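Below: one structure, written as structure tokens.
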Amino acid sequence: MSMTSAKAEVKPIDPKMLPRRFNIKERESHWRRIWDDLGIARHDHSAERSCNFVIDSPPPTASGSLHPGHVFSYTHQDLIARYRRMKGWNVVYPMGWDDNGLPTERRVQNYFNVRAEPNVPYIPELNVDQQRKAAGLSKNQTLIVSRENFIELCHIVTAEDEKAYKELFYRLGFSIDWDEEYATIDDRCRRISQRSFLDLETKGHVYTSELPTMWDVDFQTAVAQAEVEDRLTPGAYHDIEFGVYEAIKGEAGMPQSFVISTTRPELIPACVGVTAHPDDDRYKSLFGKYAVTPGFFAKVPIFPSEKADPEKGTGILMLCTFGDENDVEWWREHGLDLRPMVGRDGRATARNFVEYHADTEGWSSLNPEQAQSNYDCLAGQRLKSVRQSIVEMMRQPANSALALNDSGSVSAPLQSEPKPIEHVVRYYEKGNTPIEYIPSRQWFVRLMDKKPLLLQKGAEIEWRPDFMFKRYANWTDGLSHDWAISRQRYFGVPIPIWYPLDEDGAIDHNSYLVATEEMLPVDPTLTPPPGYGEEQRGLPGGFVGEQDVFDTWFTSSMTPQIVARWGEDDDRMEQLFPMDLRPQAHEIIRTWAFYTIVKSVLHHDAVPWHNAMISGFILDPDRKKMSKSRGVAVTPMPLVERYGADAVRYWAANGRLGMDMAYDESIFTIGSKLVTKLYNAGKFVLMQEAEPGAIINELDRAFVAELSDVVDRATDYFENFEFAHALQIIEGFFWESFADNYIELVKRRARSEEDYAGRASAVATLRLGLNVLLRLFAPFVPTITDEVWSWSFAAETGFASVHQAPWPLTDSTARSLSQSVPAKSGEMLSRYELSVVEPPASESSFRVACRAIAAVRKAKHDAQIRLGAPLAALEFTASAGALELLKPVASDVADASGAFDIQFNPTDRSDGMYEALVQAVEQSQ
RNA sequence: GGGCGGUUAGCUCAGCGGCCCAGAGCGCUUGCCUUACAAGCAAGAAGUCGGAGGUUCGAAUCCUCCACCGCCCACCA
């Protein structure tokens with residue numbers, strides 16, 4: 001029989017060689033080294049696509065701070081990676097760093113006191129301090145450097161952060177293939193990012209246009225819809241009187257004025273129209289007429305609009321260039337004038353007012369002198385002080401629109417004191433000043449026409465949990481803008497575009513020049529376009545390079561293509577793309593997941609991955625999202641120091657997919673206890689001195705049947721990425737069935753001097769149980785499982801690490817799984833195959849034994865007999881059927897009870913329960 | 001205002017393709033240092049399963065409505 005064909009000798013471990021208590025922290029570094037040496041995380045680069053399981057792991061922002069949320073979701077990935085590896089998949093688990101973007105830019109600026117600007121020459125091997133001296137700058141003065149140099153400095157700074165992340169990930173035992181490390185600012189990523197643009201341009205998916213764009217005045221850059229968030233902000237309604245032009249001119253039967261209510265009085269100079277609801281009787285007579293603005297005396301049209309809400313404010317409102325998104329639409333629909341007063345820096349720009357004539361556009365006024373003198377006080381001011389100044393102006397009767405008509409005295413335009421309110425205002429997610437809509441030239445990816453396609457492709461992905469698809473669909477459905485991809489920042493991946501200059505030196509934006517594939521990565525501010533020489537830069541008839549960089553999501557949306565070397569290694573692309581799994585958190589479905597899908601659909605007409613696994617958040621104990629800004633975030637490394645990596649992983653593995661989890665430190669303690677228990681149970685099992693033999697006893701076979709069932713269920717859960725459920729049943733079985741019951745039931749038989757066959761069966765079953773449980777636990781608590789595995793199983797099975805051993809398989813899981821991947825060879829494991837064990841005579845034997853022994857414990861407790869005390873007599877009362885079921889395992893129950901034999905007392909009870917009657921051995925004096 | 005989750009023992013959470021007296025861990029009570037484990041073992045107390053209706057022989061589980069908590073989106077005069 002195959003049971004005896006193990007190739008390595010089975011020797012009991014010597015308990016004295018093991019410390020009484022397991023110090024996981026000391027052993028962690030040992031096992032991390034072993035894993036490195038064994039290369040457990042490396043993958044076979046030549047494997048067929050069908051054998052690969054490719055994970056599109058999220059590159060963390062290298063300048064962010066570590067957070068329990070990182071540990072949480074990255075552990076989830078590793079659980080799947082380790083499971084799949086044991087299942088025989090060639091797991092490709094790369095890691096990258098996202099160092100594009102504002103956080104890094106700010107860090108580098110502060111750290112070196114430098115700023116990047118375009119058209120600054122690149123200095124090889126730049127030494128910032130020396131260069132500052134050479135430029136005659138003091139320590140406190142900012143050194144201007146080229147973008148290339150800035151990128152180099154960025155590498156220096158992010159290297160530190162990456163080290164901290166890497167240290168933590170390594171410590172936690174994440175089986176990342178570090179050979180696949182990348183950074184979104186490295187040459188390859190910039191190349192692929194720019195290649196993406198080239199491809200989109202060729203396919204006609206990108207365009208450049210000068211449009212009112214959402215703009216952050218502090219960072220002075222365009223921002224995309226996905227980067228904008230709403231915040232409740234204090235503001236105030238200002239009721240301000242506008243004049244009616246026709247009435248002022250003397251037309252009869254016309255109201256002299258009306259009152260608008262605005263939260264943005266600072267934009268009165270930029271007012272280009274007035275509107276009210278078409279059915280609003282209060283204002284019907286004004287439609288088609290003109291209004292006159294107070295203070296600046298602009299003549300602007302009054303028109304009806306369905307979008308005006310009669311209930312809001314006074315029901316009639318002013319439109320400006322541009323107060324909000326509605327203003328943009330009204331401006332477009334009604335062909336209104338453009339009076340942009342807000343500059344890119346958030347200050348009022350200087351303007352010249354001209355006398356109004358029938359066909360003047362822009363900054364015309366019915367009283368240009370007064371308008372100009374009022375406006376001159378505002379130019380150069382930030383909007384906040386512009387508001388104050390204008391409110392003051394509105395207190396002066398002389399600024400009333402009605403003052404144009406000098407018939408009698410007029411009152412101030414401001415009708416009453418401002419009424420404070422809280423209202424919702426748009427902000428750039430990283431900014432502190434509200435978004436402005438500023439006309440500027442930007443690059444866009446056309447998305448508005450692709451909603452149905454994106455929804456259809458999104459539905460092809462298996463979202464886990466499935467309701468997360470709705471978040472994606474919701475966002476896609478609600479898109480209202482094309483994707484603005486250009487950013488007016490210095491640090492990032494440059495847009496590989498140049499613009500020709502005409503004979504007058506004017507930029508021709510429409511005949512832009514695109515980089516060629518061979519040039520990538522390219523910085524158009526340093527390299528001339530094809531067909532031009534660098535000496536033509538900036539000259540009439542020459543060219544200028546695009547100065548903008550891409551939105552960081554433009555690059556990080558390419559992680560699958562970056563890992564698969566799109567456009568650079570077709571074989572690799574074939575092997576790795578589309579990927580199998582995208583693990584991420586739900587907060588970035590609308591950004592990272594969305595944009596990655598966009599890119600994949602536009603470039604390859606394919607989904608980027610087949611599965612999206614969405615982890616939840618870590619919440620504070622008070623159920624708010626834990627964040628550093630709220631001052632309550634815990635740094636992960638001390639947790640690892642304190643509880644050990646396995647315990648921290650255990651904590652993370654408890655979080656079900658998509659479910660937010662309140663931060664609860666007691667879970668770490670439970671993880672530590674599990675580690676200790678595995679250590680002790682392993683020690684006990686492997687200390688048994690008897691030779692293992694054939695598994696023949698009913699109890700043993702019944703236990704193996706139960707174990708097989710657990711393997712089936714855990715496997716099923718893992719196949720559906722539900723690692724938390726898998727852990728739950730594995731842990732429950734280990735603790736209750738294996739440690740507390742099975743071990744107790746066979747403890748004596750395993751050392752029996754009479755029943756040699758039973759002893760061999762018990763020892764074999766104990767070893768089988770431990771072996772299988774170690775493999776089931778391996779993804780969760782990789783350190784302790786490998787430690788225990790190493791004591792005996794490593795040599796015996798030939799698998800040096802449990803992480804290289806195959807996932808335990810039963811007949812039914814082998815049948816039910818549809819994967820094409822062959823199970824790992826189990827030759828060396830024949831002793832530990834579940835399928836070689838004969839099924840028990842009765843499926844319930846193990847549970848019957850457990851129930852019986854529980855009845856004995858209760859009886860002993862009630863009779864105040866010590867649990868370990870021997871019994872003079874033991875009698876079970878139960879139904880005849882239940883007693884029949886008990887008989888095949890009665891000797892083990894008797895052994896565990898400390899009784900020599902068992903009396904059976906049948907009754908007519910029908911609940912299958914056992915009642916034990918115990919009699920203590922007489923105490924000898 | 002729209003969408004999506006959640007609401008089960010003091011705490012953290014399972015169970016939710018209907019019937020198994022409603023489960024686990026922590027905490028609590030009681031008893032045990034039983035040669036794997038006191039970071040352990042055993043026994044125990046503890047819940048009107050958010051509320052109200054409905055479907056059904058039967059609902060924590062399915063349907064409707066409501067309440068509260070959280071997230072996403074919209075609202076921005």
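None of the values given here were measured: they were computed from a predicted structure. Just so it is clear: chains get the letters A, B, ... in the order the sequence lines come, proteins before strands, and each one is counted from 1.
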Q) In chain order, what residues pass the ring pair (Phe, Tyr, Trp, His ring centres under 6.0 Å) check against Phe258(A), with sequence neighbours excluded? A) Phe242(A)

For a quick check of understanding: with a heavy-atom distance under 4.0 Å over all strands, which category does [X] fall into, base, sugar-phosphate or nothing?
{"X": "Ala308(A)", "result": "base"}
{"X": "Ala473(A)", "result": "nothing"}
{"X": "Asp477(A)", "result": "nothing"}
{"X": "Gln688(A)", "result": "nothing"}
{"X": "Glu744(A)", "result": "base"}
{"X": "Arg857(A)", "result": "sugar-phosphate"}

Q. Counting only heavy atoms not in Glu422(A), do more than 12 fall under 6.0 Å of its CD?
A.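 More than 12 heavy atoms, drawn from other residues, nucleotides or ligands, come within 6.0 Å of this atom.
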
(Q) Other residues, nucleotides and ligands only: do more than 12 of their heavy atoms fall within 6.0 Å of CD on Glu229(A)? (A) yes

Q. Counting just side-chain N and O atoms, does Lys858(A) come under 4.0 Å of either OP1 or OP2 of G44(B)?
A. yes

Q: Could you tell me whether the phosphate oxygens of G40(B), OP1 or OP2, come under 4.0 Å of any side-chain nitrogen or oxygen in Trp735(A)?
A: no

**Q.** Distance, P atom - from C63(B) to C16(B), rounded to whole angstrom
**A.** 15 Å

Q | Cation-pi geometry met for Lys747(A) and Phe684(A) (6.0 Å, 45°) | A | yes

(Q) Given G3(B), A77(B), A42(B), identify the nucleotide with an atom nearest to the side chain of Asp740(A). (A)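 Ranking G3(B), A77(B), A42(B) by closest atom to the Asp740(A) side chain puts A42(B) first.
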
